[in-house]
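These notes are about the structure you will find just below.
Reminder, nothing fancy here: chain letters follow the sequence lines and each chain counts from 1. Keep in mind it's a predicted model, so treat the numbers as computed, not measured. Note that these values count all heavy atoms, side chains included, but never hydrogens, waters or copies made by symmetry.
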Amino acid sequence: MLTKKQIEEEVLVEMEKMFPDAHCELTHENPFELTIAVLLSAQCTDVLVNKVTKNLFKKYKSPEDYLAVPIEELEQDIKSIGLYRTKAKNIKKLCQSLIEEFGGEIPKERDQLVLLAGVGRKTANVVTSVAFNEPAIAVDTHVERVSKRLGICRWKDSVLEVEKTLMRKIPKQLWSDTHHRFIFFGRYHCKAQSPQCHVCPLAHLCREGKKRLKS
DNA sequence: CTCCCGATAT
DNA sequence: ATATCAGGAG
């Protein structure tokens, strides 16, 4: 298991060198669009989501716009994303409670955000961090995989345990940047199927990297 | 835990 | 053919 010192002095330093300007790759122009984009991104790549939201955000500007069309039409508009029936239903519910309970605006507090349909802890963390500039570490598939391979947390840890460990071992002012750097690292180098351990600057301290470089 | 699910990479 | 993709709800 990596120590807090190793994480701060080696992992975070290398991550910053590799991805100095890591950022949210879901295209959006306001908190509402960001929330919809993150909701759509479940079990789907950012590239696909951006392809769909390019047209979606032209057609639907407000919660009222999503409520104005039959659900079948919304389903067709997001079909290529996958999980489209669940997501369409959640968008409808989310828009309705936005209007009825939140004055038509995306709430800024995570406790409020998770009350919205289709918004869990991970999505809420992305919205608070990216849209409202509040420090948070959203643990998605990449953050989880990278944290476990490097040995920052244990293999059996739940996503909540991973998040707690990261918050404990990383200075709060670096939470949001680190979150994005872990995602870039996981997406482009430490990939699920074929991690690039042979060119990874962290391989010398990575449990999984050492194991993979032997074979 | 299972289910939701199309697109893409391997 | 199978694994994976910025997960969440029941």
Could you check which of [options] has an atom nearest any side-chain atom of [X]?
| X | options | value |
| --- | --- | --- |
| A/Q193 | B/dA9, C/dG8, C/dC5 | B/dA9 |
| A/T86 | C/dA6, B/dC4, B/dT8 | B/dC4 |
| A/L83 | B/dG6, B/dC4, B/dT8 | B/dC4 |
| A/Q43 | C/dA6, B/dC5, C/dT4 | B/dC5 |
| A/K93 | C/dA6, B/dA7, C/dG10 | C/dG10 |
| A/A192 | C/dA6, C/dC5, B/dG6 | C/dC5 |

Decide if atom [atom1] of [X] counts as having more than 12 heavy atoms of other residues, nucleotides or ligands within a radius under 6.0 Å.
| X | atom1 | answer |
| --- | --- | --- |
| A/E109 | CD | no |
| A/K59 | NZ | yes |
| A/Q173 | CD | yes |

Categorize [X] for me: base, sugar-phosphate, or nothing, with a 4.0 angstrom heavy-atom threshold over every strand shown.
| X | result |
| --- | --- |
| A/L26 | base |
| A/K89 | nothing |
| A/R85 | sugar-phosphate |
| A/K79 | sugar-phosphate |
| A/V159 | nothing |

Please report, rounded to the nearest Å, how far the [atom2] atom of [N] is from the [atom1] atom of [X].
| X | N | atom1 | atom2 | value |
| --- | --- | --- | --- | --- |
| A/N50 | B/dT8 | CG | C1' | 15 Å |
| A/D140 | C/dC5 | CG | P | 9 Å |
| A/I183 | C/dA6 | CD1 | P | 8 Å |
| A/Y84 | B/dC4 | OH | P | 11 Å |
| A/D77 | B/dG6 | CG | P | 16 Å |
| A/H142 | C/dA6 | NE2 | P | 3 Å |
| A/K122 | C/dG8 | NZ | P | 6 Å |
| A/Q196 | B/dA9 | CD | P | 15 Å |

When you match A/V119 and A/H180 each to their closest nucleotide on DNA chain C, which lands nearer the 5' end?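 First, find each residue's nearest nucleotide; the 5'-ward one identifies A/H180.
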Between A/R187 and A/E25, does any NZ, NE, NH1 or NH2 come within less than 4.0 Å of an OD or OE carboxylate oxygen?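 Here A/E25 pairs with A/R187 in a salt bridge, since their nearest N and O are under 4.0 Å apart.
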Salt-bridged, A/E161 to A/K164, with N to O below 4.0 Å?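 A/K164 and A/E161: not salt-bridged.
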Does A/T123 put a side-chain nitrogen or oxygen below 4.0 Å from OP1 or OP2 of C/dG7?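 Checking C/dG7 against A/T123, no side-chain N or O comes under 4.0 Å of OP1 or OP2.
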State whether A/R187 places a side-chain N or O below 4.0 Å from either non-bridging phosphate oxygen (OP1 or OP2) of C/dT4.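 No.
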Pair A/I183, A/F19 - check side-chain contact (heavy atoms from CB on, under 4.5 Å), show working. CA-CA 10 Å; A/I183 288 179; A/F19 309 106; over 6 Å; no
Which value, in whole Å, describes the distance between the P atoms of nucleotides B/dC4 and C/dA6?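 Result for the P pair: 22 Å, nearest Å.
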When the P atoms of B/dC5 and C/dG10 are compared, how many Å lie between them, rounded to an integer?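 To the nearest whole Å, 14 Å.
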